[in-house]
Amino acid sequence: MSERQITLEVLRYRPELDDEPVIQSYIVPVQEEWVVLDVLNYIKDNIDRTLSYRWSCHMSVCGSCGMVINNTPMLSCKAFVRDFPDTIRVEPLHNFPIERDLVVVLDDFMKKMTVVKPYLIPKEPVAEVDGTYKQTSGQLKRFKPYAMCINCLACYSVCPQYALNEGFVGPAALALAHRYNVDSRDQGRSVREDVVASNEGIWECTFVGACSEVCPKHVDPAAAIQQTKIASTMDYFMDKLLLGKKKSGGVVKQVEGGGA
Amino acid sequence: MTNRPYIRPMPNSWWLREGRYIRYMARELTCLFIGFYAFVLLVGIYRLSQGPETFDIFLAALWSQAGLLMNLAVFIMAVLHSVTWFNLTPKAMPIWIGDKQLPGWVIVGAHYGGWLVISVVALFIVGGL
Amino acid sequence: MARSNKPIVWGLFAAGGTVTAFLVPVLVLILGLAVPLGFLSPTDLSYDRVFMVVAHPLGRLVLLGFLTVSLWHAAHRTRTTVHDLGIHSDRTTMLICYGVAALGTVLAVIFLLRL
């Protein structure tokens, strides 16, 4: 079997050297079963030790190696070289500041992930004898797809609204909020809504839908956000018009059931 | 090590960068035709209120060469709006029957079916009444 | 963070999107294309017939609803699209878009009442 050679074009940024990112090309002999991450590791081990990128598990579980490959964000550990032409362009994720080479600054996302309160907020502490919550497989099915996110941030990389609107909570974090909102064990929807249904939450989304198309774990943030829009619109009219109650302001006045 | 993150600019032409963004922009721009057509209908109602002669002038303009081009453009963009709108309904309104989620194509199909029935009935009523 | 008032305009946008998706293509087909294309005869859209349908109380009500949600659907989507295209003075855009929709809604009420 003849060995295949490819050219890997890497968008590099070395803050101490470069004023702006520059493309550097590496010619690499590749094996049939290699993924793009293997190519990067080969370069790091054999050609250029200064190349920086994040990775950990090499099996689509950790979400560290998200990067833009030939214009589409994906996990480099899942991007088989055999599916690509002989020249492959690798860039850091779009819409995030570049720290160095393929490493982006994640602070903004980390902050946004926490503001949606991504944990169970039960009405009462667990009452079962063994300290676990009972849940049927049907109840699990409602939220499981939204629980598969590994924070690779491919969705943020293709979301124009995240780029255009400073403060937008963004696809993965809003999908995560939805994941808990539709969990039968959770009663925290109205608490999350103070962030989720604010101007910086779901309402910045214009349903471009790209987030769901690129998600390597098939999370479908676009669906989660549209369902939240409908639910929040119902809440709004129930609260403000029909019952004459005002609930805005961030204080929990009422904990209600978490329907979709 | 220097800590000097580089922020890549987002050009206003971002939506030309990828096919999916161009399709998105086409979908969004259908609204201009929907809004425009609402004003066409407003003019029609206004002309209707002025009597048969003025209403006929309105219809003549609507069926003139320029009017036909306009109608065709609105029709194409309105169909694009309908198709893109219906295709996204399963995401916004998933339907659960017990523990089973109704397949997306059923929801989309129901919308297309309703669309067809409404359209055929409307054409039949106007043509055959 | 305060909850947004967007549900008002988004609700109109979504309602308008659904209503127009079902109705606008066939409406344009009937009014604008079917006669020239020969599906309908010009007499099918005679003044008396059209007036009878439009001026009927139910006709006026349906038309008012249809025009209102059409206009607000278009206005809201135009607002976000203008922002997408790089014009970020959202307040001005909002005033113009919703202003035009509001004007159209008022005109619809006036014209329909005058029939």
Side-chain angles (χ1 to χ4, degrees), chain B residues 10-15 24-25 27-46 48-53 55-56 59 62-63 67-68 70-72 74-75 77-79 81-86 89 92 111 114-115 118-123 126-129, chain C residues 13-14 16-18 20-37 39-42 44-51 53-55 60 63 66-78 80-81 84-87 97 100-101 104 107-108 110-112 114-115:
Chain B
M10 171 98 158
N12 286 338
S13 60
W14 62 267
W15 55 276
Y24 159 75
M25 197 49 82
R27 183 193 88 188
E28 297 298 285
L29 289 176
T30 59
C31 77
L32 295 179
F33 293 80
I34 300 288
F36 170 75
Y37 200 65
F39 277 99
V40 171
L41 294 179
L42 273 176
V43 172
I45 295 168
Y46 175 68
L48 191 70
S49 72
Q50 290 179 319
E53 292 80 17
F55 185 64
D56 282 345
L59 284 184
L62 201 63
W63 297 335
L68 279 182
M70 176 198 85
N71 293 332
L72 193 65
V74 173
F75 181 73
M77 291 306 267
V79 168
H81 165 63
S82 306
V83 169
T84 52
W85 192 270
F86 294 145
T89 48
H111 279 90
W115 185 28
I118 288 172
S119 303
V120 170
V121 168
L123 276 168
V126 176
L129 207 68
Chain C
F13 160 78
T18 307
T20 55
F22 279 114
L23 297 181
V24 174
V26 73
L27 207 55
V28 182
L29 198 62
I30 289 173
L31 294 177
L33 295 168
V35 173
L37 293 176
F39 293 131
L40 297 175
S41 87
D44 289 334
L45 293 173
S46 70
Y47 178 82
D48 293 337
R49 292 189 80 195
V50 175
F51 191 87
V53 174
V54 175
R60 293 188 213 214
L63 262 171
F66 171 78
L67 289 170
T68 304
V69 294
S70 295
L71 289 163
W72 286 89
H73 166 81
H76 184 64
R77 213 172 213 183
T78 305
T80 57
T81 307
D84 283 349
L85 293 173
I87 299 164
C97 290
V100 171
L107 286 178
I110 294 172
F111 292 166
L112 286 166
R114 283 209 325 204
L115 278 172

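Throughout, a chain's letter reflects where its sequence line sits, starting with A, and its residues are numbered from 1.
- Between the side chain of C:Arg77 and the backbone N or O of B:Thr30, no donor-acceptor pair lies under 3.5 Å.
- With chain C as the partner, the residue from B:Gly67, B:Gly35, B:Cys31 showing the most heavy-atom pairs under 4.5 Å is B:Cys31.
- Of the possible donor and acceptor atoms, none in the side chain of B:Trp14 sits under 3.5 Å from a partner among the backbone N and O of C:Gly86.
- A pairwise comparison of heavy atoms in C:Pro36 and B:Leu68 identifies CG-CD2, 3.4 Å as the closest pair.
- Between chain B and the options C:Leu27, C:Leu112, C:Leu45, C:Val35, heavy-atom pairs under 4.5 Å are most frequent for C:Val35.
- Taking B:Arg27 as the reference, nothing meets the salt bridge (Lys or Arg N to Asp or Glu O under 4.0 Å) condition, with sequence neighbours excluded.
- For C:Thr18, the parts lying under 4.5 angstrom from a heavy atom of chain B are both the backbone and the side chain.
- Neither the backbone nor the side chain of C:Phe39 comes within contact range of chain B, judged by heavy atoms closer than 4.5 Å.
- Only the side chain of C:Leu23 comes within less than 4.5 Å of a heavy atom of chain B; its backbone N, CA, C and O stay farther away.
- The ring-ring contact (aromatic ring centres under 6.0 Å, His included) search around B:Trp63 returns none, not counting sequence neighbours.
- The contact between C:Leu40 and chain B is made entirely by side chain atoms (from C-beta outward), counting heavy-atom distances below 4.5 Å.
- Highest contact tally toward chain B, considering only C:Trp72, C:Phe66, C:Phe51, is held by C:Phe51 [criterion: heavy-atom pairs under 4.5 Å].
- B:Phe36 does not touch chain C: none of its heavy atoms, backbone or side chain, sits under 4.5 Å away.
- Heavy atoms of C:Leu63 lying under 4.5 Å from chain B belong exclusively to its side chain.
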